[in-house]
Amino acid sequence: MSSRQSVSGANRLILLGPPGAGKGTQAKTLAGRLDVPHVASGDLFRHHQQQGTPLGVKALDYMTQGMLVPDEITIAMVLERILPPLAQNGFLLDGFPRNLIQAESLDQALAGRGLAITKTILIKVPVDELVTRLSGRLVCRQCQTPYHRETTPPKTPDVCDSCGGELYQRQDDAPEAIRTRIQVYEDETQPLVEYYHRDNCLAEVDGVGEVDEICCRLLQALQVE
Ligand code: AP5
């Protein structure tokens, strides 16, 4: 058995991909299908900011500029949500890990409990498409569901189809922050592709096409009917 195969039958999954690849869009459906919690580091930070917590305040400047929030803050915040007693039946990570230190910390924390990541899926989308998607994105303030002004608009303008919450444009979807985020992904996060390839636990999926079609590709990569 590979060191990453599930020892408990639970799905412990990572969605990897650049900003705008569709991780959040797909994670909402996938987590429902697999019956695991969707744990998105960006959503956790934004929730802290809405609540005005010290953690949220510390993260704000980094996020607005499109830089990574320091590891010591990020790792503790995410691990708290995915290690037992929470997430007993697995989890779907979105936006974490984002560099080698985070990936190694995650592996060590899981290994300490006899667990491992079961699969990482890389969603691949060309840079020009990422910029188009992020520039037109709207997000629900309440449930964080992403929309796009042109490709996936809400039924009623500025109102979330799922929960009726208000839609807004994220500050880090401004052109300069988008450029920084894509560069940070290439410098810091891309090395994780090799990291997860080494253990044969990485699948790569084409992220261009209709949302439902990509969801089918992801389920296929996870071998879910
Ligand atoms: P985070 O919130 O994680 O942002 P991100 O990784 O930049 O990812 P996005 O949310 O921008 O994109 P996505 O892939 O989820 O795409 P989405 O589904 O929304 O992080 C924000 C910040 O928090 C970071 O910059 C950093 O500061 C901090 N942070 C977070 N995690 C961290 C960590 N681990 N370490 C340190 N710092 C961290 O889709 C995008 C758009 O495309 C939407 O409009 C959507 O409707 C549209 N779309 C989706 N699919 C399709 C499709 N198939 N066709 C056309 N349009 C589509």
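As the structure is a computational prediction, the values presented were derived from the model and not from experiment. Basis for what follows: all heavy atoms, side chains included, without hydrogens, waters or symmetry-related copies. Ligands are counted one by one from 1 in listed order, and the atoms in each one are counted from 1 as well.
- In this structure, the protein non-hydrogen atom closest to atom 15 (O) of ligand 1 is Gly24 N, 2.9 Å.
- Residue-to-ligand polar distances place Ala21 within reach of ligand 1: an N/O pair is separated by less than 3.5 Å.
- Side-chain contact of Asp172 with Tyr62: a donor-acceptor pair under 3.5 Å is absent, judged by distance alone.
- The backbone N or O of Gln49 lies less than 3.5 Å from no partner atom in the side chain of Thr53, so there is not a single donor-acceptor pair.
- Residue contacts with ligand 1 for Thr151 involve side-chain atoms from C-beta outward but no N, CA, C or O (heavy atoms, distance under 4.0 Å).
- The parts of Val69 lying near ligand 1 are both backbone and side chain, judged by heavy-atom distances below 4.0 Å.
- Heavy-atom separations between Arg46 and ligand 1 include at least one value shorter than 4.0 Å.
- We find that Lys124 and Asp206 are not joined by a salt bridge, their nearest charged nitrogen and carboxylate oxygen being 4.0 Å or further apart.
- Residue-to-ligand polar distances place Gly22 within reach of ligand 1: an N/O pair is separated by less than 3.5 Å.
- In terms of N/O distances under 3.5 Å, ligand 1 is not approached by Leu138.
- Under the 4.0 angstrom criterion for non-hydrogen atoms, Gly20 is in contact with ligand 1.
- Put simply, CG on Leu13 and CG on Leu218 are 10.5 Å apart, with the number rounded to the nearest 0.5 Å.
- Leu92 pairs with exactly one of Ile14, Leu15, Leu34, Ile121 by the side-chain contact (heavy atoms from CB on, under 4.5 Å) rule, that one being Leu15.
- Checking Arg98, Gln26, Lys28, Arg181 against atom 3 (O) of ligand 1, the nearest heavy atom belongs to Arg98.
- Taking any N or O of Leu134, backbone or side chain, none lies under 3.5 Å from an N or O belonging to ligand 1.
- Judged purely by distance below 3.5 Å, without hydrogens or angles, the side chains of Gln26 and His38 never pair a donor atom with an acceptor atom.
- Considering backbone and side-chain N/O of Gly136, none are found under 3.5 Å from N/O of ligand 1.
- No part of Ala40 comes within 4.0 Å of ligand 1, judged by heavy-atom distances.
- Applying the 4.0 Å criterion to heavy atoms of Ser41 picks out, from ligand 1, the atoms 30 (C), 31 (N), 32 (C), 34 (N).
- Counting only distance, with no hydrogens or angles, the side chain of Asn89 and the backbone of Ala10 share no donor-acceptor pair below 3.5 Å.
- Among Glu150, Gln65, Lys23, Arg133, the residue whose heavy atom lies nearest to atom 51 (C) of ligand 1 is Arg133.
- Of all atoms in ligand 1, listed by their number and element, those nearer than 4.0 Å to a heavy atom of Met67 are 26 (C), 27 (O).
- The minimum heavy-atom distance linking Gly90 with Pro37 is given by the pair O-CD, 3.2 Å.
- Under the 4.0 angstrom criterion for non-hydrogen atoms, Pro97 is not in contact with ligand 1.
- Applying the salt bridge (Lys or Arg N to Asp or Glu O under 4.0 Å) definition to pairs two or more places apart or across chains, those involving residues 39-49 are Asp43-Arg46.
- Distances from ligand 1 to the non-hydrogen atoms of Arg170 include at least one value under 4.0 Å.
- For ligand 1, none of its N or O atoms has an N or O atom of Asp94 under 3.5 Å away.
- Under 4.0 Å from ligand 1, not a single heavy atom of Val208 appears.
- Counting heavy atoms under 4.0 Å from ligand 1, residue Tyr147 touches it through the backbone alone.
- Looking at Thr74 against ligand 1, only its side chain comes within 4.0 Å, counting heavy atoms.
- Residue Gln102 has at least one N or O atom closer than 3.5 Å to an N or O atom of ligand 1.
- For CD of Glu150, the number of neighbouring non-hydrogen atoms (other residues, nucleotides, ligands) closer than 6.0 Å is 12 at most.
- With a heavy-atom cut-off of 4.0 Å, Val139 does not touch ligand 1 at all.
- Taking Glu129 as the reference, Arg133 meet the side chain to side chain donor-acceptor pair (under 3.5 Å) condition, with sequence neighbours excluded.
- Listed here is the closest heavy atom pair of Phe45 and Ala59: CD2-CB, 3.6 Å.
- Applying the 4.0 Å criterion to heavy atoms of Ile214 picks out, from ligand 1, the atoms 53 (N).
- With a 4.0 Å heavy-atom cut-off, ligand 1 is reached by no atom of Asp43.
- Closest to atom 9 (P) of ligand 1, if we only count protein heavy atoms, is Arg137 NH1, 3.2 Å.
- Expressed to the nearest 0.5 Å, how far CG of Leu222 lies from CG of Leu30 amounts to 6.5 Å.
- Side-chain contact annotation: Gln183 with Asp187, donor-acceptor N/O pair under 3.5 Å present.
- Atoms of ligand 1 found under 4.0 Å from any heavy atom of Thr152, numbered from 1 in the order shown, are 46 (O).
- What you find for Gly207 and Arg217 is that their closest heavy atoms are N-NH1, 4.3 Å.
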